[in-house]
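The next block holds one structure in the form of structure tokens; read it before the comments.
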Amino acid sequence: SRRIKNISISKPIIYGNVAQKISETNPLPEGAPADHTHTWKVFVADPLGNDLSSYIRKVVFKLHDTYNNPTRSIEEPPFEVSETGWGEFEIVIKIYFNNDCGEKNITFYHHLKLHPYGPNVEESQKTGRVESILFDEIVFNEPTERMFRLLTAK
Ligand code: SLL
């Protein structure tokens with residue numbers, strides 16, 4: 001489909017992880033290795049909770065090789081992976097846009113955060129909860145007519 005000149009559309013997006021220390025109130029899920037110390041979830045989402053699947057076809061999360069099937073392909077919302085573990089590592093997040101929209105996939109790198117440090121360290125030590133979430137904007141320059149419709153659909 002044709003491209004629309006002199007137009008760019010940006011879509012807000014958040015990505016990152018939340019983690020919770022294993023405790024009495026957050027027990028290790030059944031089947032998880034005994035040395036795992038945290039439950040965690042990595043995700044890509046709209047900051048206001050809107051549905052991203054109008055223009056995102058799938059999100060692939062590449063975990064550390066210590067995980068079974070480290071390449072996790074999520075083809076419908078919510079675009080997220082929940083896991084357990086003991087260590088921090090870099091997660092490669094690849095976002096694929098809808099077919100025939102003329103857009104290449106894009107890649108984010110996210111450092112999975114499990115351990116509390118920094119400004120909220122005391123609160124985090126109390127609750128066992130840690131999060132690392134980033135805000136970004138995906139800019140579509142001269143989108144195709146088809147992509148324009150997907151990006152502006154309500
Ligand atoms: C490193 N940062 O570079 C570390 C790796 C790997 C974390 C951390 C569980 C894997 C499993 C897990 O937490 N892996 O289920 O065995 O060496």
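Model, not experiment: these values are computed from the prediction. In listed order, ligands and their atoms are each counted from 1.
Across all their heavy atoms, Ile22 and His38 have their closest contact at CG1-N, 3.6 Å.
At a 3.5 angstrom cut-off on N or O pairs, Gly85 does not count as close to ligand 1. Considering backbone and side-chain N/O atoms, Thr84 never comes within less than 3.5 Å of an N/O atom of ligand 1.
When only non-hydrogen protein atoms are considered, atom 13 (O) of ligand 1 lies nearest to Trp86 N, 2.8 Å. Here the protein heavy atom with the shortest distance to atom 4 (C) of ligand 1 is Glu88 O, 3.7 Å. From the protein, the heavy atom lying nearest to atom 10 (C) of ligand 1 is Thr66 OG1, 3.3 Å. Here the heavy atom of the protein found nearest to atom 5 (C) of ligand 1 is His64 NE2, 3.4 Å.
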Please lay out, stage by stage, how Tyr15 and Phe79 fare under the test ring pair (Phe, Tyr, Trp, His ring centres under 6.0 Å). CA-CA 10 Å; Tyr15 65 95; Phe79 297 112; over 10 Å; no
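Looking only at distances, a side-chain donor or acceptor of Asp46 sits under 3.5 Å from a matching main-chain atom of Gly49. A donor-acceptor pair under 3.5 Å is absent between the side-chain atoms of Ser53 and the main chain of Ile56, judged by distance alone. Using modelled atom types, one side-chain atom of Ser124 and one backbone atom of Arg129 make a donor-acceptor pair closer than 3.5 Å.
The environment of Glu137 atom CD is dense: over 12 non-hydrogen atoms of other residues, nucleotides or ligands sit within 6.0 angstrom.
By the criterion of a heavy-atom distance under 4.0 Å, the side chain of His36, and not its backbone, is placed next to ligand 1.
Using a 4.0 angstrom heavy-atom cutoff, Glu83 does not count as in contact with ligand 1.
Taking a cut-off of under 4.0 Å to the non-hydrogen atoms of Tyr67, the atoms of ligand 1 that pass are 9 (C), 10 (C), 12 (C), 13 (O), 14 (N).
When side chains are defined from C-beta on, Ile106 counts as touching Ile138, because their heavy atoms get closer than 4.5 Å.
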